[in-house]
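What follows is a short report on a single structure.
So that the names make sense, note that chain A is the first sequence line, chain B the second, and so on, each numbered from 1.
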2 protein chains.
Amino acid sequence: MTLPKSKQIYALHASICQVLANPKRLEIIDQLQEGELSVTQLTETMKISQANLSQHLSVMRHRGIVTVRRDGANSYYRLASPKIVRACALMREVLLENLESGAEILRNQTKQ
Amino acid sequence: MTLPKSKQIYALHASICQVLANPKRLEIIDQLQEGELSVTQLTETMKISQANLSQHLSVMRHRGIVTVRRDGANSYYRLASPKIVRACALMREVLLENLESGAEILRNQTKQ
DNA sequence: TTAGAATATTCAATAATTCGAATATTATAA
DNA sequence: TTATAATATTCGAATTATTGAATATTCTAA
């Protein structure tokens, strides 16, 4: 197994995984778990500026993690695939396993 | 649902997901799918310098994605959990779905 | 039409990643 | 012991990500 994958694919794969590499974007994904939300709704539940939220949504849109539905002045975002939540959940499980097994490492991680 | 998660957890979650946000590290994960490999074996199959490989392995070790077994002068790395491969595979599926549905976006992604 | 609401974009400063080069550490065979 | 192999670390430069601030765009109600 382990088919050889081109550098290209790895780069794209990394690019889409990178969406998950930010706390705010993970929170957005969490919020969208149940279904679509407007930008206004997202700003209300998350402690984030409208501009910054819009920037993150832009990244997520461009990398195919969310899709938008525009309705008048409002934009409604939803996750592009249920697989995204599953992937996030798996990685969170890995994290929790690490925390339980007392991985010292995770204490002093990059904060923001 | 959607339990409120602390900023802390989101930061740690992002930190562990960030390991997936690099093409070389994804390739390392691919290589380790079948089981442990030594650093030498990894340098042989991947086109990467020993130093750079070691740097990536260090990141992965510290974030609990891989574990090391040292045997003499050799270090054998393996994935810390099978969930890592599953998460990667899911994200790759999302990518492939996007590519199929002709997401223009992915053409001009950050390359390295 | 125009004011205001909703959202998006641009810009610039700061922070974080990536990687080559050099060097350090550790283990073992001679 | 010492040379060599295997691996790890440090440092600095280049690139990329993140975010606040300012501004632009789009829509709708009046």
(request) Between dT9(C), dA22(C), dT7(D), spot the one nearest the side chain of A51(B), thanks. (result) dA22(C)
(request) Return the value, rounded to whole Å, for the distance between atom CZ of R69(B) and atom P of dT26(C). (result) 20 Å
(message) Under 4.0 Å, counting only non-hydrogen atoms across every strand here, what does S54(B) touch: a base, just sugar-phosphate, or nothing?
(response) base
(request) Looking only at side-chain atoms of R63(B), point me to the closest of dT19(D), dA17(D), dT17(C). (result) dT17(C)
(message) In this structure, would L53(A) and M60(A) fall into the same cluster of hydrophobic residues linked by side-chain contacts under 4.5 Å?
(response) yes
(request) Just do the side-chain contact (heavy atoms from CB on, under 4.5 Å) check on T43(A) and M46(A) with the steps written out, would you? (result) CA-CA 5 Å; T43(A) 44; M46(A) 294 180 56; over 6 Å; no
(message) When you compare the side chain of R78(A) with that of T67(A), does any pair of heavy atoms fall below 4.5 Å?
(response) yes
(message) Whole angstroms only, please: what is the NZ-P distance between K47(B) and dG20(C)?
(response) 11 Å
(message) Please report the distance, rounded to the nearest Å, between CD1 in I48(B) and P in dT7(D).
(response) 14 Å
(request) Starting at atom CZ of R61(B), determine the distance to atom P of dT7(D), rounded to an integer number of angstrom. (result) 12 Å
(request) Starting at atom CG of N74(A), determine the distance to atom P of dA5(C), rounded to an integer number of angstrom. (result) 13 Å
(message) Please tell me if R70(B) has a side-chain N or O lying less than 4.0 Å from either OP1 or OP2 of dA6(D).
(response) no
(request) Check every strand shown and say whether Y77(A) touches a base, only sugar-phosphate, or nothing at a heavy-atom separation below 4.0 Å. (result) sugar-phosphate
(message) Just the rounded figure in Å: distance from P of dC19(C) to CE of M46(B).
(response) 10 Å
(message) Nearest to the side chain of Q18(B), heavy atoms from C-beta on, is which of dT7(D), dT17(C), dA6(C)?
(response) dT17(C)
(request) On DNA chain D, check which nucleotide each of H56(A) and T43(B) is closest to and give me the residue with the more 5' one. (result) T43(B)
(request) For N52(A) and dT9(C), give me the distance from atom CG to atom C1', rounded to whole Å. (result) 13 Å
(request) Would you indicate, yes or no, if dT17(C) has its OP1 or OP2 atom less than 4.0 angstrom from a side-chain nitrogen or oxygen of R25(B)? (result) no
(request) With side-chain contact (heavy atoms from CB on, under 4.5 Å) as the test, would you mind laying out the steps for V66(B) and R61(B) before giving the verdict? (result) CA-CA 5 Å; V66(B) 296; R61(B) 224 185 320 122; 4.3 Å; yes
(message) If you assign each of S49(A) and Q50(B) to its closest nucleotide in DNA chain D, which residue comes earlier from the 5' end?
(response) Q50(B)
(message) A side-chain contact here means heavy atoms from C-beta on lying under 4.5 Å apart; do S6(A) and I9(A) qualify?
(response) yes
(request) Whole angstrom is fine here: how far is it from CG in D71(A) over to C1' in dT7(C)? (result) 13 Å
(message) Once hydrogens and angles are ignored, does a donor-acceptor distance under 3.5 Å link the base of dA8(D) to the side chain of Q55(B)?
(response) no
(message) As a test of reading the structure: which of dA17(D), dT7(D), dT9(D) is closest to the side chain of S75(B), going by heavy atoms?
(response) dT7(D)
